[in-house]
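Data first, discussion second: the structure below is written as structure tokens.
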There are 2 protein chains.
Amino acid sequence: MSRKVSMKDIAKIAGVSPSTVSRVINKPSEVSEGLRKKVMKIIKELNYTPNSVAQGLRKGSMKVIGVVIPDITNPFFPAIVRGIEDFLRKKGYSLVLCNSDQDMEEEKKLLKFLYSKNVDGVIFTGSGEYNPEIEIFTSRNIPLVFLDRIYKKESSSYVIVDNVDGMFKLMTYLVKCGYKSFALLNGYKETFSAKARYEGFLKAVKKYNIKNYEVVFGRFTYESGYEMVEKLSKIPEVLVCGNDLIAYGVINKIEKLGLSIPDDVGVTGFDDIAFSKHYKPSLTTVRQPMYQIGKKAAELLFKMIELEKYKPKGIVLNPELVIRESTKKIEMEV
Amino acid sequence: MSRKVSMKDIAKIAGVSPSTVSRVINKPSEVSEGLRKKVMKIIKELNYTPNSVAQGLRKGSMKVIGVVIPDITNPFFPAIVRGIEDFLRKKGYSLVLCNSDQDMEEEKKLLKFLYSKNVDGVIFTGSGEYNPEIEIFTSRNIPLVFLDRIYKKESSSYVIVDNVDGMFKLMTYLVKCGYKSFALLNGYKETFSAKARYEGFLKAVKKYNIKNYEVVFGRFTYESGYEMVEKLSKIPEVLVCGNDLIAYGVINKIEKLGLSIPDDVGVTGFDDIAFSKHYKPSLTTVRQPMYQIGKKAAELLFKMIELEKYKPKGIVLNPELVIRESTKKIEMEV
DNA sequence: TGCAAATATTCAAACGTTTACCTCTTAACC
DNA sequence: GGTTAAGAGGTAAACGTTTGAATATTTGCA
């Protein structure tokens, strides 16, 4: 097993000092053409690449960022991660992926882990609560971007989607469709998204003076959607779901009850994950720009890392109403 | 912005040498109880964590592994990545994720990138062809595990699923169900998976003496599934799809043609991605143990990294037949 | 009390770069 | 021809650890 070739090796073979080799690589203009070519040739021949760990030590940055998400297996996240990676790799950064399962203790461990790995920055989607471990980064001025979450406590950057408005837009549409009775089947109550969607729902209830509605909380899963239908005191004209997964479960249960969608009842989702356009019926939902969320977060983080005095910034992205087959066609103007 | 606290700082405050601090952390038994406590206290107070870049340089390993996959957005991969991460983090490794989009040039870049980042090992799922850049790792004895692919050229480890057998099992089942005419709607021809599934199909054709069959190649997508149906000279009794995504598209097209599943025709998938059990009809398919694939690969890589003379090894996982609503019930024994 | 052995601690080199500073050569100018 | 400036390359320190070797301290024992 041959040791990796180092700068010294190149230097020795070329008969120059290591610093010259370094310059050939980093500031070619500062070394004469003859030497440069000679050294370059040897570098090519030996297939030399600088040891980035040594570089990292010397320069104080490994060009690595940490990404903490609840679970890559949740269809909401892959596109976000992709957005982050596409942007950051172009800048020479690599991305360390961590799944926290929304567990506070696990999050703490991961944060410590990333800190000890000397990452240059972190993109973080946490559980609902504020994780004090965050401060090991903020207190040392290591940039941090929150995804899909805001903590007023910190003056960090964040990228969120206006869930309240998304839900409100959806409700406005449903009202226009002529639906009169509603149920909100939501995810876990303590969650940022569940809260915001609930808020948007309530806003619409008030604005459009909806009398006939019901709200139930569960989890953001297929199974939970299925179950939540059973908890309803009666089946309303339209079932507004906290996310697409819930909607799938709801659709299944509703059809099992012998009701047809959208003729008997309407069902809506939230997120517009990849399958929602292929589901049967295809799902009326609110699209979150996942790839954009990731990309924007990466961009923000990058600026905070590389620009001396870049100030933390919050970005609010707008969700988009996607109308498909699971709701009836619009019948009147409000 | 305060510099990070280093071992020297701790040492100075404690009035000991840096090496003592190092020992307190790494070999506590070699330092007297008094000093150990004193130093520990200061470490806690200052919230000190060793700089892993320096450790990495000194020890020659950053405890980082690279994972190259085509696209995290493809539902096949998240669970694999999760399996890898769960295993490796427990061992103190972190995982750098890279998406190659199956592009040969991109793969090369990523491999170089990972090499220059001094990863301890790589888990690689490539495009169909052999990527010579692989050799920058193998030639330097940096462990490599191939996922879902074998290259005979290299004596590396790999984890694959026996696709041939999976398809054969499925076909055996379909024959038992009494289906007499078949079509295979496959993914991109040059692909390992497409080839293997084709092979399994042919094996069954031969074994069960199937006369009435047709094969068409497309891509592993919903849209391609939809289109491939149109290319068929006639609709057979059962449509065997190269993966679940194709099956979804096929189902949609079939229903659009006014045929009902499974009464008029059967449809099967391959992979058993998360949605297939919720699809309507739920999909008869062949389950790939994705999480296991990831976990096994991580385990293998770990052993290759940490065990002095561990020999590369191939692991073949068995897929599992999953029978659901998209095919008719078994009606006879073969 | 003296000496060896065991234990505790420090020293200094090493890992592979980058870079500020120094030296040497060459060219330019009057 | 002598002075200066620019250009080219080398030297050595620094980044923050770990670790083998060296030294200092304590302990046990005769």
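Quick note on labels: first sequence line is chain A, next is B, and so on, each numbered from 1.
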Could you state the atom-to-atom distance from [atom1] of [X] to [atom2] of [N] in whole Å?
X	N	atom1	atom2	answer
A:Arg23	D:dG9	CZ	P	9 Å
A:Ile10	C:dT17	CD1	P	9 Å
B:Lys38	C:dA8	NZ	C1'	14 Å
B:Leu35	D:dT25	CG	P	13 Å
A:Asn51	C:dT17	CG	P	5 Å
A:Gln55	C:dC15	CD	P	17 Å
A:Asp9	C:dT17	CG	C1'	13 Å
B:Glu33	D:dT25	CD	P	21 Å

- base_contact_polar (C:dG16 base, B:Arg58 side chain, donor-acceptor, <3.5 Å):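 Between C:dG16 and B:Arg58, which were checked side chain against base, a qualifying N/O pair under 3.5 Å is absent.
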- Item | Side-chain donor/acceptor of B:Ser6 to base of D:dC15, under 3.5 Å |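 No, no donor-acceptor pair under 3.5 Å.
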- Task: Start with the C-alpha distance between A:Phe124 and A:Leu111, add both sets of side-chain angles, then the distance that settles side chain to side chain contact (heavy atoms under 4.5 Å, CB included), and finish with yes or no.
- Result: CA-CA 9 Å; A:Phe124 185 80; A:Leu111 256 9; 3.8 Å; yes
Please tabulate, one pair per line, each protein N/O and nucleotide N/O from nucleotides 22-26 of chain C that are separated by under 3.5 Å, including the distance.
none

- Query: Does NZ or CZ of B:Lys91 lie under 6.0 Å from the centre of the six-membered ring of B:Phe302, at an angle within 45° of the ring axis?
  - Reply: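 The answer is yes, since B:Lys91 meets both limits relative to B:Phe302.
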- Please round to the nearest 0.5 Å and tell me the distance separating atom OH of A:Tyr158 and atom CD1 of A:Ile315.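 If we round to the nearest 0.5 Å, A:Tyr158:OH and A:Ile315:CD1 are 9.5 Å apart.
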- Query: For B:Val31 and A:Ile25, take the nucleotide of DNA chain C holding the closest heavy atom to each; which residue's nucleotide lies nearer the 5' end?
  - Reply: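 Going by which nucleotide is closer to the 5' end, it is B:Val31.
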Among the nucleotides [options], which one has an atom lying closest to any side-chain atom of [X]?
X	options	result
B:Val16	C:dT10, D:dG10, C:dA8	C:dT10
A:Ser19	C:dT18, D:dA8, C:dT19	C:dT19
A:Thr20	D:dG10, C:dT19, D:dT17	D:dG10
B:Lys27	D:dT17, D:dT19, C:dC21	D:dT19

